[in-house]
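Presented below is the structure to which this report refers.
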Protein chains: 2
Amino acid sequence: MQTLSKNQQIIFDLIDKSPEPMKAYAILFNVQKKGIKAPLQVYRALDKLVEIGKIHKIESRNAFIACQNSSCQVSKATAFSICEICEKVTEISSSSLSKYLTNFKDKDGMKYSKYNLEFFGLCKKCR
Amino acid sequence: MQTLSKNQQIIFDLIDKSPEPMKAYAILFNVQKKGIKAPLQVYRALDKLVEIGKIHKIESRNAFIACQNSSCQVSKATAFSICEICEKVTEISSSSLSKYLTNFKDKDGMKYSKYNLEFFGLCKKCR
DNA sequence: TTACATAGTGTTATATTATAACAATTAAAA
DNA sequence: TTTTAATTGTTATAATATAACACTATGTAA
């Protein structure tokens, strides 16, 4: 567990409290009162937080969500479910899924160091 | 098999010939000599081509690749391998993988209508 | 403690990716 | 044929992300 810098902490706290994935400029808007004024300050913190696994980027949405797994060792093996109506995003933690994908080898026998999986469908509420 | 409109055909042909995923503005640059002048014309064709499964979007790269499966019924179940050095992208067609993911149910028993999986690693050449 | 490296910050400017809104045209279906 | 849906063309602008540079803080090792 690494200590976060000032900007990283501010931005992580915000994302962590958010019930939904946050976009970079929404983050910027929210932290301006705390002195973070420029997009680059946000993107730098986001990059680092992603790198150390505290947050994940939902690629299909260009948005960021706090890691739900208390021990964030899964930053290299991420899976999410995304509701196509309400846009609710949930991190999937299924050991059988992660085991299957981590061990997946393609035709050429290539094994991968990292993956990101995004499932789409309708959540309970929206069905 | 649906017939493509003029712009859709021009843009599909370009992507289909490309050995690597193409970004929207690279596509725009390449088709300007054929009379497609504006980003929107490109994005509209891309949207349609994605919708009908002729191309896929590589979300982590904001780039587009022609579908490699002759019958493009897998637009709702896509998997790619991405080399983190040379950026080579390959569409994975593994029936066991697609079977596993198509049938995957999360904790709440939720089944998904669609997924996109991106594996990252080093390709043969770059290892 | 000093020096040195590494990581983080602040700032301006700009690049890249994508969509809104509106008018005109073409293709397909009733 | 008429009318409906899909596509096109165009201008403007929104949203997402990075380059480049100067400066500051922090950690580490002599």
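The distance from atom CG of Leu28(A) to atom C1' of dA14(D) is 15 Å, rounded to the nearest whole Å. As rounded to whole Å, 17 Å separates atom C1' of dA25(D) from atom CD of Gln9(A). Per the geometry, CD1 belonging to Ile11(A) stands 14 Å off P belonging to dA17(D), to the nearest Å. Rounded to a whole Å, the CD1 atom of Ile27(A) is 13 Å from the C1' atom of dA17(D).
For Phe12(A), the ring-ring contact (aromatic ring centres under 6.0 Å, His included) test picks out no residue, with sequence neighbours left out.
In terms of phosphate contacts, Asn7(B) brings no side-chain nitrogen or oxygen within less than 4.0 Å of OP1 or OP2 of dA6(D). Between Lys6(A) and dG10(C), a side-chain N or O to OP1/OP2 separation shorter than 4.0 Å is present. A sub-4.0 Å separation between OP1 or OP2 of dT8(D) and a side-chain N or O of Ser5(B) is present.
The closest side-chain donor-acceptor pair between Glu118(A) and Asn116(A) falls under 3.5 angstrom. At a cut-off of 3.5 Å, with distance as the only test, no side-chain donor of Gln32(A) or Asn30(A) sits close to an acceptor on the other residue.
Between Phe80(B) and Phe119(B), the distance separating the two ring centers is not shorter than 6.0 angstrom.
DNA chain C lies under 4.0 Å from no heavy atom of any residue of residues 57-66 of chain A. A heavy atom lying under 4.0 Å from DNA chain C marks the following residues of residues 29-49 of chain A, by number: Lys37(A), Ala38(A), Leu40(A), Gln41(A), Arg44(A), Lys48(A).
The pair Glu87(B)-Arg61(B) meets the salt-bridge criterion, with a side-chain N (NZ, NE, NH1 or NH2) lying under 4.0 Å from an Asp/Glu carboxylate O.
With hydrogens and angles ignored, no donor-acceptor pair closer than 3.5 Å exists between the side chain of Tyr25(B) and the base of dA15(C).
Counting only distance, with no hydrogens or angles, the side chain of Gln41(A) and the backbone of Ala38(A) share a donor-acceptor pair below 3.5 Å. One N or O on the side chain of Gln68(B) and one on the backbone of Ala66(B) form a donor-acceptor pair closer than 3.5 Å. Side-chain atoms of Ser18(B) do not come within 3.5 Å of backbone N or O of Pro21(B) as any donor-acceptor pair.
For Tyr115(B) against Phe120(A), the heavy-atom pair with the smallest separation is CA-CD1, 4.2 Å.
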